[in-house]
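Working notes, structure below.
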Amino acid sequence: MSNHLTISILTSVPYSNLNRDDNGTPKRVTVGGALRALHSSQSVKRGIRVAYENSSLDRSVRSGNLVGEVVAKSLEMSPDADEKAITKVAKNLIGTLTKQDSSAEGSERSAWLSEEEITAAATTVLNGTDEDFMAEGKTGSLAIAAFGRMFANAPKKGTEAALSVSPGITTHAATIETDYFSTVDDVRERNRDTGATFLGISQYTNGIFYRTISIDRNQLKESWSGFDLESSTGNLRDLITAIIYGLPRGKENSTAPYVQPALVLAEEQQYRTAYDFETPVPNSKDGGYLPTSIERLAQQYDAARRFDPDNFGPLEALTGTYADLDGKFGNLKATSLKEFVDAVVEWVRQ
């Protein structure tokens, strides 16, 4: 039995700008001599985390103002407490974790705590002490355990990530499209005047994105204090579902670009490996890059097993909306999303 499970996902993302650079242009990278659209791993992780926490209600807070969060929780627990006094204690407490900004108005460096840890910190603050309020290397938040965290002033309090997340990159050459837009003025229009109140441009892209997520089962057991709780199965189901659906969220309301994944492949592995599209796939004969992307992935699936069959299995699972998945990946047959998630959760729980 191996300790790693890698999930490969192929998703069509229509006209959108889910992840952009400082100029507002969709992120991109050159691979194999061809420009590709890119979703950074950080933006993918953020999308997964938000989807997971919204579903599970297992909340956490990542902020440069955790002092404010701890003070707010303290006042919620004890409304008559002296806000000035507890703020001073909270600053000292959070300061044991993160480095302070050198500027007078600067906040703490961004750090990440679970709601449970914020409540524990608030209890400590109300007691007027700076005693230890969190465990070393562990957390009750599955999101934090999945993606990891570090504390500059308290390295032993950090949590090692149990998931490795790749960026999402198009399997083919991509283009950046420019959209010219204007803002209509209702009053001008009513008065039959010409002209707009604002003119601008936005940039968008589209394509078939390939991304992977690898789960380190042993590390998850080490990092997540909730692993043995009865509720853990539900949390794991929410996380695996969020991995499948979670995407970056930039300008999402401008184009409503989310599409269910065409292919999701889970492979138990001794050594973590993924597949690559260094050579961009061509357009299929009937148009579109999805058929050729799935064919290229299936070819690599077979090549990987010819090279090192012992690296894979026994667990493999396949799902997705693409119509012709059965038989393309060994003897695997596509299942429903629920069956796929159940299989992955059962593997994690072993």
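Remark: Arg20 is not positioned above the aromatic ring of Tyr204, lacking an NZ or CZ atom under 6.0 angstrom from the ring centre and at most 45 degrees off the axis. A cation-pi arrangement, defined by a distance under 6.0 Å to the six-membered ring centre and an angle within 45 degrees of its axis, is absent between Arg296 and Phe277. Taking the ring centre of Phe147 as origin, the terminal cationic atom of Arg149 falls outside the region bounded by 6.0 Å and 45° from the ring axis.
Arg211 has its side chain within reach of Leu247: a pair of non-hydrogen atoms, C-beta onward, lies under 4.5 Å apart. Glu267 places a side-chain heavy atom less than 4.5 Å from the side chain of Tyr301. Here the side chains of Ser55 and Thr241 are not in contact, with every heavy-atom distance at 4.5 Å or above. Two residues are said to be in side-chain contact when any heavy atoms from C-beta on lie closer than 4.5 Å; Asn218 and Glu222 fail this criterion. No side-chain heavy atom of Ser16 sits less than 4.5 Å from a side-chain heavy atom of Tyr258. Taking the side chain as every heavy atom from C-beta outward, Leu75 and Val71 approach each other to under 4.5 Å. Residues Asp216 and Asn3 have side chains in contact (heavy-atom distance under 4.5 Å, counting atoms from C-beta outward). By the 4.5 Å heavy-atom criterion applied to side chains, Glu116 and Thr139 are not counted as neighbours.
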Side chain to side chain donor-acceptor pair (under 3.5 Å) assessment of Lys251 paired with Ser202: CA-CA 10 Å; Lys251 302 188 79 169; Ser202 293; 3.2 Å; yes

Side chain to side chain donor-acceptor pair (under 3.5 Å) between Asp238 and Ser56, worked out: CA-CA 6 Å; Asp238 287 333; Ser56 67; 4.7 Å; no

Stepwise side chain to side chain contact (heavy atoms under 4.5 Å, CB included) test for Ile208 and Val281: CA-CA 10 Å; Ile208 306 300; Val281 301; over 6 Å; no

Full working for side chain to side chain contact (heavy atoms under 4.5 Å, CB included) between Leu325 and Ile294: CA-CA 9 Å; Leu325 289 177; Ile294 288 179; 4.2 Å; yes

Audit row: Ser114, Ile144, side chain to side chain contact (heavy atoms under 4.5 Å, CB included) steps and yes/no: CA-CA 8 Å; Ser114 68; Ile144 295 176; 4.3 Å; yes

Side chain to side chain contact (heavy atoms under 4.5 Å, CB included) between Leu126 and Val89, worked out: CA-CA 9 Å; Leu126 290 172; Val89 178; over 6 Å; no

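Note: the hydrophobic cluster containing Val44 also contains Val344 (ILVMFWY, side chain heavy atoms under 4.5 Å, direct or indirect links). Side-chain heavy atoms closer than 4.5 Å link hydrophobic residues (I, L, V, M, F, W, Y) into clusters, and following such links, even through other members, never connects Leu263 to Leu5. Put simply, Tyr275 and Tyr289 are part of the same group of oily side chains (I, L, V, M, F, W, Y) that touch within less than 4.5 Å, one to the next. Taking hydrophobic clusters as Ile, Leu, Val, Met, Phe, Trp and Tyr residues chained together by side-chain heavy-atom distances below 4.5 Å, Trp112 does not share a cluster with Leu66. Cluster annotation: Ile169 is not connected to Leu35 through the hydrophobic network of ILVMFWY side chains, with a link wherever side-chain heavy atoms come within less than 4.5 Å.
The side-chain hydrogen bond (donor to acceptor under 3.5 Å, both in side chains) test applied to Tyr271 returns no partner, not counting sequence neighbours. With sequence neighbours excluded, the residues that form a side chain to side chain contact (heavy atoms under 4.5 Å, CB included) with Glu115 are Arg59. Under the side chain to side chain contact (heavy atoms under 4.5 Å, CB included) criterion, Thr319 pairs with Val264, Thr335, Phe340, not counting sequence neighbours. Applying the side chain to side chain contact (heavy atoms under 4.5 Å, CB included) rule to Phe307 yields no partners; only residues at least two apart in sequence or on another chain are considered. With sequence neighbours left out, the side chain to side chain contact (heavy atoms under 4.5 Å, CB included) criterion links Ala146 to Leu163, Leu239.
Between the side chain of Asn283 and the main chain of Gly288, a donor-acceptor pair closer than 3.5 Å is present. Looking at Thr124, its side chain does come within 3.5 Å of a backbone N or O of Ala120 through a donor-acceptor pair. Of the possible donor and acceptor atoms, one in the side chain of Ser284 sits under 3.5 Å from a partner among the backbone N and O of Gly287. Listed for the Asn153 side chain is a donor-acceptor partner under 3.5 Å among the backbone atoms of Gly95. Not a single donor-acceptor pair under 3.5 Å links the side chain of Asn23 to the backbone N or O of Thr25. At distances below 3.5 Å, not a single donor-acceptor pair connects side-chain atoms of Ser232 with backbone N or O atoms of Asp228. Not one N or O on the side chain of Ser2 forms a donor-acceptor pair closer than 3.5 Å with the backbone of His4. When atom types are taken as modelled, the side chain of Trp224 and the backbone of Lys138 share no donor-acceptor pair closer than 3.5 angstrom. A distance-only check finds a donor-acceptor pair linking the side chain of Ser223 to the backbone of Glu160 [under 3.5 Å]. Judged by distance alone, the side chain of Thr292 and the main-chain N or O of Pro282 form a donor-acceptor pair under 3.5 Å.
In this structure, the separation between CD1 on Ile118 and OG on Ser74 is 10.5 Å, given to the nearest 0.5 Å. Of the inter-residue distances, the one linking Ile9 atom CD1 with Ile213 atom CD1 reads 4.0 Å to the nearest 0.5 angstrom. Note: Lys45 NZ to Ser164 OG = 8.5 Å, rounded to the nearest 0.5 Å. Distance check: Arg237 CZ to Ile240 CD1 gives 10.0 Å after rounding to the nearest 0.5 Å. Separation of atoms CG (Asn331) and CZ (Phe329) is listed at 13.0 Å; rounding is to 0.5 Å. Between the CD atom of Glu316 and the CZ atom of Arg305 there is a distance of 4.5 Å, given to the nearest 0.5 Å.
Between Phe198 and Phe181, the ring planes are tilted. Angles from 30° to 60° get that label.
If you check the side chains of Asn235 and Tyr52, you find a donor sitting under 3.5 Å from an acceptor. Judged by distance alone, the side chains of Ser40 and Asn19 do bring a donor and an acceptor atom under 3.5 Å apart. Arg36 and Thr170 form no side-chain donor-acceptor contact under 3.5 Å, judged by distance and modelled atom types alone. At a cut-off of 3.5 Å, with distance as the only test, no side-chain donor of Thr321 or Gln260 sits close to an acceptor on the other residue. No side-chain N or O of Thr212 forms a donor-acceptor pair with one of Arg272 less than 3.5 Å apart. Arg49 and Ser60 share a side-chain donor-acceptor pair at under 3.5 Å.
Glu53 and Asp58 make their closest contact through CG-O, 3.3 Å (heavy atoms, listed as atom of the first residue, atom of the second, distance).
No salt bridge links Glu346 with Arg349; every basic N to acidic carboxylate O contact stays at or beyond 4.0 Å. Under 4.0 Å is where a charged nitrogen must lie from a carboxylate oxygen, and between Asp302 and Arg306 no such pair does. Salt bridge status for Glu117 with Lys157: absent, with no side-chain N to carboxylate O gap under 4.0 Å.
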Show which side-chain atoms of residues 186-196 pair as donor or acceptor with protein atoms under 3.5 Å away, not counting sequence neighbours.
{"unit_1": "Arg188", "atom_1": "NH1", "unit_2": "Ala196", "atom_2": "O", "d": "3.4"}
{"unit_1": "Asn191", "atom_1": "ND2", "unit_2": "Val187", "atom_2": "O", "d": "3.4"}

